[in-house]
Amino acid sequence: MYKVVDKTFFSDNVVKIEVEAPRIAKARRAGHFVIVKIGKKGERFPLTIAGADRDKGTITLVVQTVGVSSRKLAALKVGEYITDLVGPLGQATHIENKGTILACGGGVGVAPLLPIVEAYKKAGNRVITVIAARTKDLIILEDQIKEFSDELIVMTDDGSYGRKGLVTEGMEAAISKEKIDEAMIIGPAIMMKFAALTTKKYHIPTLVSLNTIMVDGTGMCGACRITIGGKTKFVCVDGPEFDAHQVDFDEMLLRLNGYKEIEKSAESTYLKENKDDFQI
């Protein structure tokens with residue numbers, strides 16, 4: 001059992017949870033994820049570790065309520081417990097001094113991007129970060145990202161904060177000013193697709209994290225099969241990070257939509273049977 005020691009709401013359906021997990025906090029590196037289960041019969045689902053405090057023995061998870069399991073996790077109160085927490089899992093981000101890094105995060109993708117930005121900066125890189133969301137209220141972890149960024153560009157679709165426009169427009173602004181040696185992109189699949197097309201145009205080596213497609217996190221279920229450069233890979237064991245210019249994003253988008261109706265039905269049933277204060 002893993003105790004929730006702190007909880008902060010970023011918005012109506014995005015929450016940051018700090019959890020006691022000393023062994024994971026000690027072993028975790030940028031890019032790693034955990035598998036979470038709420039209740040003995042709960043669903044296993046993956047979440048990237050957004051931060052860790054070795055001294056306190058805690059890890060930080062950022063949760064967006066998009067279905068039954070994420071709602072159950074987000075509903076936990078400080079002092080309550082996560083039933084099972086397994087990790088750290090996956091391949092850690094390969095960090096070295098490459099020069100100038102363009103780090104791009106969309107929506108809750110900013111959470112897993114944070115430890116990577118921190119690691120790149122501590123390795124001696126110049127880091128330009130672009131974070132984007134639909135509106136000002138959905139921008140998260142701005143101050144924490146800014147701490148490890150030499151330059152921060154904030155984009156909102158509606159112009160309510162930062163610059164008006166998509167993440168790709170912020171990327172173009174950064175690329176037009178200086179040479180970028182490597183890019184890292186994390187966010188919704190459709191955002192990563194077009195961000196990757198942007199860096200491909202300029203021949204910038206680019207990594208993406210495909211954690212959104214994972215399910216069981218051990219390579220056994222096969223749900224996270226993707227095509228990378230014409231070869232089948234499993235996100236949870238071979239990744240979650242891959243060469244963005246080799247990913248078949250159209251295939252990934254189709255797979256992500258495969259269970260939408262079932263997920264909506266399960267969530268509807270859950271909301272009818274349980275009191276839930278979260279809004280989507």
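- Closest approach of His245 and Ile204 over heavy atoms only: CE1-O, 3.0 Å.
- Put simply, Ile82 and Phe9 are part of the same group of oily side chains (I, L, V, M, F, W, Y) that touch within less than 4.5 Å, one to the next.
- A heavy-atom distance below 4.5 Å is found between the side chains of Ile190 and Phe194.
- Annotation: side chain of Leu141 is not in contact with side chain of Leu113 (no heavy-atom distance under 4.5 Å).
- At distances below 3.5 Å, not a single donor-acceptor pair connects side-chain atoms of Thr206 with backbone N or O atoms of Ala196.
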**Message:** Show, in sequence, the C-alpha distance, side-chain angles and deciding distance for Val68 and Glu43, and conclude whether the side-chain contact (heavy atoms from CB on, under 4.5 Å) test is met.
**Reply:** CA-CA 9 Å; Val68 175; Glu43 174 189 36; over 6 Å; no
**Prompt:** Could you go step by step and tell me if Lys146 and Glu142 meet the salt bridge (charged side-chain N to carboxylate O under 4.0 Å, His left out) rule?
**Reply:** CA-CA 6 Å; Lys146 190 173 185 178; Glu142 179 185 358; 5.5 Å; no
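- Between Leu47 and Leu73, some side-chain heavy-atom pair lies under the 4.5 Å cut-off.
- At distances below 3.5 Å, at least one donor-acceptor pair connects side-chain atoms of Lys7 with backbone N or O atoms of Ala74.
- Met252 contributes atom CE, which lies 12.0 Å from atom NZ of Lys193 (distance to the nearest 0.5 angstrom).
- Here the CG atom belonging to Asp238 is positioned 7.5 Å from the CD atom belonging to Gln91, to the nearest 0.5 angstrom.
- In terms of modelled atom types and a separation under 3.5 Å, the side chain of Asp181 and the main chain of Ile101 share no donor-acceptor contact.
- A heavy-atom distance below 4.5 Å is found between the side chains of Asp248 and Asp250.
- Heavy-atom neighbours of Lys37 NZ from other residues, nucleotides or ligands within 6.0 Å: above the threshold of 12.
- Side-chain N or O atoms of Arg54 include one that pairs as donor or acceptor with a backbone N or O of Lys26 at under 3.5 Å.
- Contact between Ile49 and Pro88 at its shortest, heavy atoms only, is CD1-CB, 4.3 Å.
- Side chains of Pro240 and Val235 form a contact here, defined as non-hydrogen atoms less than 4.5 Å apart.
- A single hydrophobic cluster is not seen to contain both Leu166 and Tyr161; linkage of ILVMFWY side chains at heavy-atom distances under 4.5 Å, directly or through other members, places them apart.
- The two residues Ile153 and Ala174 come nearest to each other via the heavy atoms CD1-CB, 4.2 Å.
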**Verdict with reasoning, Leu210 to Phe242, per side-chain contact (heavy atoms from CB on, under 4.5 Å)** = CA-CA 8 Å; Leu210 306 183; Phe242 297 93; 3.8 Å; yes
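- Put simply, the side chain of Val167 does not reach to within 4.5 Å of the side chain of Met155, judged on heavy atoms.
- Side-chain atoms of Thr156 never come within 3.5 Å of backbone atoms of Thr135 as a donor-acceptor pair (strictly under, hydrogens ignored).
- Around atom NZ of Lys201, more than 12 heavy atoms belonging to other residues, nucleotides or ligands sit under 6.0 Å away.
- A heavy-atom distance below 4.5 Å is found between the side chains of Phe33 and Cys236.
- Closest approach of Ala183 and Thr199 over heavy atoms only: CB-CG2, 4.0 Å.
- Hydrophobic clustering (side-chain heavy atoms under 4.5 Å, transitive across Ile, Leu, Val, Met, Phe, Trp, Tyr) groups Val14 together with Val154.
- If you take CD on Glu251 and CD1 on Ile228, they are separated by 8.5 Å, rounding to the nearest 0.5 Å.
- Two residues are said to be in side-chain contact when any heavy atoms from C-beta on lie closer than 4.5 Å; Val208 and Phe249 meet this criterion.
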**Message:** Go through it in stages, so that I can follow the logic: the residues are Lys3 and Tyr81, the test is side-chain contact (heavy atoms from CB on, under 4.5 Å), and I'd like the CA-CA distance, side-chain angles, deciding distance and then a yes or no.
**Reply:** CA-CA 4 Å; Lys3 187 177 180 180; Tyr81 292 84; 3.4 Å; yes
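- Listed for the Asp6 side chain is no donor-acceptor partner under 3.5 Å among the backbone atoms of Glu18.
- Note on Leu197: it clusters hydrophobically with Leu253, by side-chain heavy-atom contacts below 4.5 Å among ILVMFWY residues.
- Note that CD of Glu151 is 9.5 Å distant from CG of Leu102, once rounded to the nearest 0.5 Å.
- Contact detail for Glu20 and Thr58: the closest heavy-atom pair is CA-CG2, 4.2 Å.
- With hydrogens and angles ignored, the 3.5 Å screen pairs a side-chain donor or acceptor of Asp158 with a backbone N or O of Ser160.
- Checked by atom type, the side-chain pair Thr93/Glu241 shows a donor-acceptor distance below 3.5 Å.
- More than 12 non-hydrogen atoms from other residues, nucleotides or ligands lie less than 6.0 angstrom from CZ of Arg126.
- The CZ atom of Phe148 sits 11.0 Å away from the OG1 atom of Thr129 when rounded to the nearest 0.5 Å.
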**Message:** The test is side-chain contact (heavy atoms from CB on, under 4.5 Å); show your working for Asp84 and Arg44 and say whether it passes.
**Reply:** CA-CA 9 Å; Asp84 289 308; Arg44 292 165 54 91; over 6 Å; no
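- Of the possible donor and acceptor atoms, none in the side chain of Asp150 sits under 3.5 Å from a partner among the backbone N and O of Ile128.
- Between the side chain of Glu182 and the main chain of Lys98, no donor-acceptor pair closer than 3.5 Å is present.
- Considering CZ of Arg23 and CG of Leu85, their distance stands at 12.0 Å, rounded to 0.5 Å.
- When all heavy atoms are compared, the tightest approach of Pro115 to Ala50 is CD-O, 3.4 Å.
- Residues Leu138 and Val108 fall into different hydrophobic clusters, defined by Ile, Leu, Val, Met, Phe, Trp and Tyr side chains chained together at heavy-atom separations under 4.5 Å.
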